[in-house]
Each structure stands twice: as C-alpha cells, then as structure tokens.
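Accompanying notes for the structure given below.
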Amino acid sequence: MDTFQNALSGVKAGRAVAVFTDLGTAVDMANKDKSVGIVVPDPAIFVHHVAYGVPAGIDARSMEIFNVAVDNSVASGEIERAFAQAGYRDVDALSDLQIKP
C-alpha cells in the first residue's frame, strides 16, 4: 500500500489483516476510527526515537547548540508536554485504544 490510510482501508475491506506502523500513526488512526485498535507486541518488534531534520550542511557549532536545546527540552519535560498536547500517547497511556491479548 502506498499510504497508511490506504493500508487501513485494505484492512477494513478484508484485503489485509493488519497495518504495521509507528505508534504515533496508529494512535492517530485509532482516534479517528473507533472501529480499529492498537496491538502492541511484547517483546517490541522495533523501537525508535524521535528524529529532527536539519539542513544537510549544518555546521558543527549549530549542531551542538541544537543538540543542547533538544537535551534541555527532554530534561525539562517540554518535549513530553508538547507530544501530549499534540495528542501523542505513549504505550502506557493507550488505554481504550489498545487491544490486549
């Protein structure tokens, strides 16, 4: 499938069994369509962290300043608050969106 939304359409039409995607996308799908839920594999199949895009030619000093700003945002809880404000839920906060075995 070319997009996660098309993949979800395939699941709903019976052409696929599931959509394999990142947690943020799965949360968005489940929030928009209450007929689907999220299965979180245990153990995890794939774990990733947030990444940020910067210009390819960024100089070392700017990159260092950027990394310090990210570290400070994480340490202060600002990143976690921003994700929560944007509607992102971590695995331990899925509640009604999660399908448990």
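FYI, the numbering just counts along the sequence from 1.
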Establish, from distance only, whether the side-chain atoms of Thr25 and Asp22 form a donor-acceptor pair under 3.5 Å.
->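 A donor-acceptor contact under 3.5 Å links the two side chains.
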Using distance alone, with no hydrogens and no angle criterion, decide if Ser9 and Asn6 have a side-chain donor and acceptor under 3.5 Å apart.
->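 Distance-only check fails for Ser9 and Asn6.
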Heavy-atom distance under 4.5 Å between the side chains of [X] and [Y], does that happen here?
X     : Y     : value
Val36 : Leu8  : yes
Glu80 : Val74 : no
Val27 : Leu94 : yes
Ile65 : Ser62 : no
Lys34 : Leu97 : yes

Walk me through it: do Lys100 and Val40 pass the test side-chain contact (heavy atoms from CB on, under 4.5 Å)?
-> CA-CA 8 Å; Lys100 294 187 179 188; Val40 179; over 6 Å; no
Donor-acceptor under 3.5 Å (Arg15 side chain, Ala7 main chain) |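 Side chain of Arg15 to backbone of Ala7, a donor-acceptor pair under 3.5 Å: no, none is there.
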Can you tell me how far apart [atom1] ([X]) and [atom2] ([Y]) are? Round to the nearest 0.5 Å.
X     : Y     : atom1 : atom2 : result
Thr21 : Met29 : OG1   : CE    : 5.5 Å
Ile58 : Glu64 : CD1   : CD    : 11.0 Å
Ser95 : Ile38 : OG    : CD1   : 9.5 Å

Which residues pass the side chain to side chain contact (heavy atoms under 4.5 Å, CB included) test with Asp90, sequence neighbours left out?
->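 With sequence neighbours excluded, Asp90 shows a side chain to side chain contact (heavy atoms under 4.5 Å, CB included) to Leu23, Tyr88, Asp92, given in chain and number order.
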Any idea which heavy atoms bring Ser76 and Arg81 closest together, and the distance?
->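 In terms of heavy atoms, the two residues are closest at O-NH1, 3.2 Å.
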For atom NZ of Lys32, decide whether the heavy atoms of other residues, nucleotides or ligands shown that lie under 6.0 angstrom number more than 12.
->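 No.
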Other than Val39, which residues form its hydrophobic cluster under the rule that side-chain heavy atoms must be closer than 4.5 Å?
->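 So far as hydrophobic clustering goes, Val39 is joined with Ile99.
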